Amino acid sequence: AQSVTQLGSHVSVSEGALVLLRCNYSSSVPPYLFWYVQYPNQGLQLLLKYTSAATLVKGINGFEAEFKKSETSFHLTKPSAHMSDAAEYFCAVSSNTGNQFYFGTGTSLTVIP
Amino acid sequence: ETGVTQTPRHLVMGMTNKKSLKCEQHLGHNAMYWYKQSAKKPLELMFVYNFKEQTENNSVPSRFSPECPNSSHLFLHLHTLQPEDSALYLCASSQVNEGREQYFGPGTRLTVT
């Protein structure tokens, strides 16, 4: 079975500070991993994905994530938070068949001016 | 239209009403999904369609009835809903076995009175 765990349902950072959102996965086979962002009253937008090509994945809006097999982690980072980054962030892992996504419970990011 | 579209964006219905949610994807994908997103709860996968065939039904009550007439359109027919069914209903699509990421529509905010 596959699953993801997001540590911290709420994270607050100051504008300009480092953003670190944590995600740990459980998978018996090499996973496909994703980060999505959801702004209020909108659907989920793909930020980035890991598909085994490179362990450091760069996404949109200055976000990146590093796949660490030894730690079964796929944490999302951004060097400098912007007010527009305030949103809900979801980590997800894909099943072997690609039909099912297993989403984490989400982390709400607040950016303090 | 581009991406995944959903109509209506907002819906208020009584418990005895019958209504339908519509989703259309303009990405040429071969799989479509319905998710339910309730406050304070993880995303719940409801139905999966691959090549118009339903492949997943995650113990969804029969008052929710999906329909996939072709690979671009997906409906969710609703009848005799309960107040606890109030949620954001998200549609997504993907190209199975290619990249595997899912693309989401903006959602329909459903309120059952």
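As the structure is a computational prediction, the values presented were derived from the model and not from experiment. So you know, we letter chains A, B, ... as the sequences are listed, proteins then strands, and number each from 1.
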- Distance col, row A:Gln42:CD vs B:Leu90:CG, nearest 0.5 angstrom, shows 11.0 Å
- Query: Are A:Tyr50 and A:Phe63 linked, directly or through other ILVMFWY residues, by side chains that come within less than 4.5 angstrom of each other?
  - Reply: yes
- Item | Side chains of A:Tyr36 and B:Gln102 in contact at under 4.5 Å (non-hydrogen atoms) | yes
- Task: Measure B:Gln37 against the heavy atoms of chain A and call it side chain, backbone, both or neither at under 4.5 Å.
- Result: side chain
- Note on the structure: Besides B:Phe64, the hydrophobic cluster formed by Ile, Leu, Val, Met, Phe, Trp and Tyr side chains linked at under 4.5 Å, directly or via other members, contains B:Leu11, B:Met13, B:Met15, B:Leu21, B:Met32, B:Trp34, B:Met46, B:Phe47, B:Tyr49, B:Val60, B:Leu74, B:Leu76, B:Leu78, B:Leu81, B:Tyr89, B:Leu110, B:Val112
- Query: Excluding sequence neighbours, so at least two apart, what forms salt bridge (charged side-chain N to carboxylate O under 4.0 Å, His left out) with B:Arg9?
  - Reply: none
- Tell me, for A:Leu46 versus chain B, whether the close heavy atoms (under 4.5 Å) come from the side chain, the backbone, both or neither. side chain
- Note on the structure: Here the pair of heavy atoms bringing A:Thr105 nearest to B:Pro42 is CG2-CG, 3.6 Å
- Message: Within the 4.5 Å heavy-atom criterion, are B:Leu43 and A:Gln38 side-chain neighbours or not?
- Response: no
- Item | chain B contact via A:Tyr102 - which portion, at a heavy-atom distance below 4.5 Å | neither
- Decide whether A:Leu21 and A:Tyr39 are clustered together by the hydrophobic rule: side chain heavy atoms of Ile, Leu, Val, Met, Phe, Trp, Tyr closer than 4.5 Å, transitively. yes
- Message: Between B:Val4 and B:Phe104, is there shared hydrophobic-cluster membership here, with clusters defined by ILVMFWY side-chain heavy atoms closer than 4.5 Å?
- Response: no
- Smallest separation among heavy atoms of B:Glu101 and A:Phe101, with atom names: CA-CZ, 3.7 Å
- Message: Between A:Leu33 and A:Leu47, is there shared hydrophobic-cluster membership here, with clusters defined by ILVMFWY side-chain heavy atoms closer than 4.5 Å?
- Response: yes
